[in-house]
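For the numbers below, each heavy atom of this structure counts, side chains included, while hydrogens, waters and symmetry mates do not. From a predicted model like this one, the values you see are computed outputs, not experimental measurements.
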Amino acid sequence: MNETSDFVIFLGRFHPLIVHLPIGFIVLAAIMEGLSHFKKKKYNGLDKAIAITIFCGAIGAVLSVIIGLMLANQGGYIEDTLFWHQWLGIVVALISFLGWAVKKDMLRIGFLSSKKILIALIILISIVGHLGGNLTHGSDYLTAYAPGFIKKAFGPEASLVAIDIPKKPDSVKVYQHLVKPVLDAKCVSCHGDSKSSGNLLLNSQEGILEGGDEGHAIAIGKPLESELFVRSTLPQSSKKFMPPKGDPLTFSELKLIEWWIKEGASFEDAITAYEIPEDVKQLLLRDFGIDTKEKPYFETIEVGALSDNVLQELTQAGWKVSHLADGHHMLDVNSKTDDLSNEQFQTLLKAQEQITWLDLNRTNIKDNMLNSVGQLTNLTRLNLSNTTITDAGVAHLKPLVHLEVLNLYGTPITDKSLEVIHNLSGLKRLYLWQTQVTSEGVKTLKEQLPDVEVIGVGSDNPETT
Amino acid sequence: MDEIKRQLQFAESRRGFLKKASLGFGSIALSSMLAPSSAFGSTLFGGINGPNFPAKAKRVIYLFQSGAPSQIETFDYKPSLAKWHGKEIPPSVKGTQRNSGMVTDQSTFPLVKSIFDFKQYGQSGIWVSELFPYTAEVVDELCLINSMYTEAINHEPAVMFLQTGSQLSGRPSIGSWLSYGLGSDNQNLPNFVVLVSKGGGAQPLSSAAWGNGFLASHHQGVQFRSGKDPVLYLNNPHGVHDHDRRRALDYIKALNDQQYSLWNDPEIQSKINQYEMAYKMQSSVPEAVDTKEEPDHIYNLYGEDARIPGTYAANCLQARRLAERDVKFIQLYHMGWDQHGNLPGGIKRQAKDTDQATAGLLKDLKQRGLLEDTLVVWGGEFGRTSFSQGRLTAENYGRDHHPGCFTMWMAGAGVKKGMVYGKTDEFSYNVVENPVHVHDFQATLLHLLGIDHERLTFKHQGRRYRLTDVHGHVVKDILS
C-alpha cells in the first residue's frame with residue numbers, strides 16, 4: 001500500500017462528523033413517512049418533502065462513503081469490522097437512492113414501497129453506525145460500564161480477552177498469561193492474520209521471533225534493541241509510535257514486556273523461572289493478584305474442611321486444636337499433657353491432611369508414637385523439643401518431605417537421625433541445641449541440604465553446654 | 001428496680017433468641033471447645049474468632065525502653081554530624097517541628113555528634129554503637145526501623161500512644177487487644193503479663209499503659225513483681241487449705257452466676273474469670289517464675305544481673321520462661337532512658353543494664369526454636385534531639401524529647417532479618433525515607449499475629465474502636 005498523503009487522512013478524519021448528515025436526513029424521512037401513514041389527514045402533503053429528504057440522505061451517504069474510504073486508508077482498524085462497515089455503508093447509499101426513486105414514482109417495483117425501504121434503511125444505519133462506533137472506540141466501549149447481565153449477553157469480545165490467570169505463581173506463564181494478552185489486545189489487529197503491517201506478525205511465536213521489515217521485534221535479552229519495546233515507548237507524537245490507534249501500552253504492560261525480553265523472551269517459562277525484580281513483583285500483585293512472595297507449603301495446597309465431629313473427637317482425645325485462621329482448613333495442634341497414649345495419636349490420623357503444625361514440646365511422647373506423626377502428610381512444623389525421643393523415633397519422620405521447621409532441641413538424638421533428616425527435602429530450619437549431634441554430622445547434612453539452617457550445633461553457638 | 005429487671009430479661013431473651021437462630025447450639029458448643037477463650041470473646045463481646053489469616057507470630061515480647069533512648073547514640077549512625085558538631089542546627093532542618101518547653105528558652109541549639117563510636121557488624125553490616133556490644137552480635141537477627149515517628153512529645157502521652165494507640169489514657173493496650181482478639185494458649189496463666197524493672201527512673205510509669213480500657217477487665221495486663229510474691233495475695237493465707245479455698249470459690253462462682261443471670265453484666269463474667277485465673281495461678285505462677293533450675297550457662301548468657309530478682313536481665317529471663325509457657329503478650333518496661341543532661345554517662349549505664357540481657361534473650365529464644373513464632377520488639381516512646389539540651393562541653397551534653405524520628409527494632413517471627421528500614425536526614429532530625437508512624441507499627445504488629453487491624457474492633461459508647469483508631473498501614477516491606 002502506498003503511503004497515504006496526510007491531506008487524505010486529514011479529510012478522512014471528518015468521516016465521523018459527516019456520517020451524521022445522512023443519518024439525520026434518513027431518520028427525518030422515516031419520521032415524516034410515519035406521520036403521513038398514521039395521521040393521513042393531517043400530514044397528507046408530506047410526500048414531496050420526504051422525497052427531497054431521502055435524496056439529501058443519499059447524497060450525504062455517498063459523501064460519507066467517499067470520506068470513509070479515505071479514513072480507512074490510514075489503516076489500523078480491525079479488518080473484519082471495517083469490511084462490513086464499509087460495504088454496508090455503500091449499501092445504505094445505494095438503497096437511499098432506490099428509496100428516492102421509488103418515492104418519486106420513477107421506479108415501480110411491485111412489493112417495494114418507500115415505507116419498507118425506510119424501515120430497512122433505519123435498521124441498516126443502526127448496524128453500520130454500531131460497527132463504526134466499535135471501530136473508533138473499540139468493541140467494548142458500549143458494554144464496559146453496562147450492568148453485568150448486559151455485559152454477559154452482548155459483550156462476547158470482552159470475555160474472549162479476559163484470560164483466566166492462575167493465582168499460583170508457578171503456573172503463571174510469562175508469555176501466555178502476561179505478554180500475549182497485551183499483544184492480542186493492542187497489536188494483533190494490525191500485526192495479525194487479517195493484516196500484517198510492516199510484514200510483522202505478533203500473533204504467533206514464529207512471527208514474533210522473525211520480526212518485520214523494520215527489524216527485530218525482539219532482541220533476546222535486550223529490551224532497548226527490541227522494536228516491540230522501543231516503538232511502544234516512543235513519544236506518542238512520533239510517527240513511529242505504536243500502536244498508532246487505540247490505547248497505548250500501560251506502564252505495567254511495558255514493564256512486563258521489558259522484563260520478559262530481558263529474561264530471554266521464552267514462550268514457555270513460568271514467572272517463577274526468573275528472579276522477579278521488586279517493582280515487577282509489586283505490579284504483579286497489584287494488577288493481577290499474583291503474590292510472588294515465597295509461601296509456606298500449607299498456603300500452596302488446598303485440603304477439605306474437617307467435619308465438626310472429627311474436630312470434636314480430636315478435642316475429646318485431649319488435643320488442643322485450632323484452625324490456622326478463621327475459615328482456614330489447616331490445623332495447628334498441640335498438647336500440654338504428659339500422659340499421651342498411642343490411641344491419642346491414632347485419632348490424629350483422622351486429620352491426616354489438615355494438620356500442618358504439631359507442637360509436642362515437653363510431652364511424654366515415645367518413639368513409637370511418632371509412627372502416626374510420620375503419616376501426617378502436610379506437616380510443615382514439628383516441635384519435639386525437650387522430649388525423650390531417640391534416633392529410632394526420628395526414623396518415623398522420613399516421609400515428611402514438606403516439613404519446613406523441625407525442632408529437636410533437648411532430645412538425646414545423635415548423628416544417626418541426620419541420615420533420616422537429609423531426606424526431608426523441604427526442610428528450612430533444624431533446631432539441634434542440647435542434642436548429641438556433632439558438628440561433623442551437621443557438615444555432612446549440609447552437603448545434602450545446603451539451604452537448611454541448623455541452629456544450636458557447632459562453633460556458631462558458644463552457649464552449648 | 002423491677003422495671004430495670006424486666007427490661008434486662010426482655011433484652012436477654014431477645015438476644016438469646018437471635019443467637020440461637022443464627023448460630024445454633026451446636027456451633028456455640030463446638031467453638032467454645034476448640035478455642036475456649038477466643039470463642040468466649042466472639043460470642044459474648046464480638047471479638048474475632050481466631051486470626052484473620054495464618055499468623056507468623058504466636059506471641060510477643062515487648063522490651064519497652066521507657067524514657068526514650070537516643071537514636072543517635074544507639075542505632076541511627078550519623079557520621080555527618082561530626083562536621084556539624086557544635087554548630088547551630090540549620091533552620092531548614094529544625095523547621096517548625098514542635099520542641100518541648102524545656103528547650104524553648106535556649107538561645108542556641110548546637111548540634112552534637114555521638115560521643116560513642118559505631119562499627120559495622122554481622123553479615124548485614126549494620127552499624128551499631130559501641131554501647132551495645134552484645135546486641136551487635138545478634139544484629140543479623142534484627143529488623144531496625146530508623147524512621148519511626150510519633151505525635152507526642154512528653155513521656156506519659158507518648159507511652160500511651162505506643163501502647164494503646166491514643167495519647168490520652170483509658171484505651172485498651174496492645175496486650176489487651178490481643179487477649180480479646182486471640183484468646184489464650186495457656187489456661188493456667190494470664191494472657192498478658194507485665195514485668196517492670198526495679199528502681200525505675202525519673203519518670204513515673206502509669207499502669208494505664210497495660211490497662212484494658214473498655215475491654216472486659218480480665219484482658220488487662222497482670223504485673224508480676226520481683227521476689228517472693230510475684231503476684232500479691234496469690235498464696236493462701238496462713239491456715240487456709242487449698243481444699244477450703246476451692247470450696248469457697250465454687251460457692252462464690254455459684255452466687256456470681258446467679259447474679260449474672262439476673263443482671264447480664266459482662267463485668268460479672270470477668271470477675272468469675274479472675275477468681276478462676278487466680279486459683280490456677282496459685283500453682284502455675286510459682287512454677288513459671290522459679291528460675292532456680294536455670295543452669296549457669298543461661299546466667300552467663302543473660303548476664304549475672306539475671307540472678308538478682310527485679311533487674312531487667314532477670315525479667316528477660318522471666319520473659320523467656322513465660323514465652324515457653326505460651327503467654328501471649330509479655331511486656332517489659334525498663335525506665336531511665338531520659339537523658340536531658342549528662343547523656344554520655346547516663347546512657348552508658350542504661351546500656352550496660354540492658355544490652356547483654358536483650359541479646360541473651362534473643363539468642364536463648366533462637367536456640368530453643370522460640371524465635372520461630374515469637375516476635376521481639378525493642379524501643380522507646382520517641383527519639384531525642386540532634387542538638388544539645390543545656391551546655392555542650394567536650395565530654396558532656398544532653399538531648400531533649402524528639403517525636404520526629406526514632407529507632408525501634410523487631411526480631412523473630414515474620415520480620416526480615418538483618419534489615420534496616422527507613423532513613424533519617426544527615427542530622428537524624430527528620431525522616432526522609434519510608435516513615436513509620438506509631439499506628440503503622442501497631443498495624444504491623446497485629447498483622448504478624450494474624451490480625452487485620454481494621455477488623456479487630458470493639459463497640460463502646462456508640463462507636464467501634466480499634467487499636468489503630470482510623471489510621472495505620474501495615475509496613476509490608478519488613479515482612480519476611
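With rounding to the nearest 0.5 Å, the separation of OG in A/Ser322 from CG in B/Leu182 is 10.5 Å. Considering CD of A/Gln434 and CD of B/Gln367, their distance stands at 7.0 Å, rounded to 0.5 Å. For the atom pair B/Asp185 CG and A/Asn334 CG, the distance stands at 7.5 Å (nearest 0.5 Å). Going from atom CG of A/Asn361 over to atom CG of B/Leu370 covers 7.5 Å, rounded to the nearest 0.5 Å.
With a 4.5 angstrom heavy-atom cutoff, B/Asp326 touches chain A only via side-chain atoms. Neither the backbone nor the side chain of A/Asn383 has a heavy atom closer than 4.5 Å to any heavy atom of chain B. Residue A/Glu453 touches chain B through its side chain alone, counting heavy-atom pairs closer than 4.5 Å.
For B/Lys423, the NZ atom counts as loosely surrounded, since its 6.0 Å shell holds 12 or fewer non-hydrogen atoms of other residues, nucleotides or ligands. More than 12 heavy atoms of other shown residues, nucleotides or ligands fall within 6.0 angstrom of atom CZ in A/Phe345. Atom NZ of B/Lys416 sits in a crowded spot, with more than 12 heavy atoms from other residues, nucleotides or ligands closer than 6.0 Å.
For the pair A/Lys320 and B/Ser184, the tightest heavy-atom approach, listed with the atom from each and the gap, is NZ-O, 4.0 Å. Scanning all heavy atoms of the two residues, the minimum distance from A/Arg381 to B/Asp373 falls at NH1-CB, 4.0 Å. Pairing each heavy atom of B/Lys366 with each of A/Tyr431, the nearest pair is O-CE2, 3.1 Å. Nearest heavy-atom pair across B/Arg368 and A/Asn407 is O-ND2, 2.9 Å. Taking all atoms of both residues into account, the shortest heavy-atom contact from B/Pro54 to A/Ala325 is N-CB, 3.5 Å.
Residues passing the side-chain hydrogen bond (donor to acceptor under 3.5 Å, both in side chains) test with A/Gln344, sequence neighbours excluded: A/Ser341. Shown here are the side-chain hydrogen bond (donor to acceptor under 3.5 Å, both in side chains) partners of A/Arg429, two or more places apart in sequence or in another chain: B/Glu372.
Annotation: side chain of A/Glu299 is not in contact with side chain of B/Phe53 (no heavy-atom distance under 4.5 Å).
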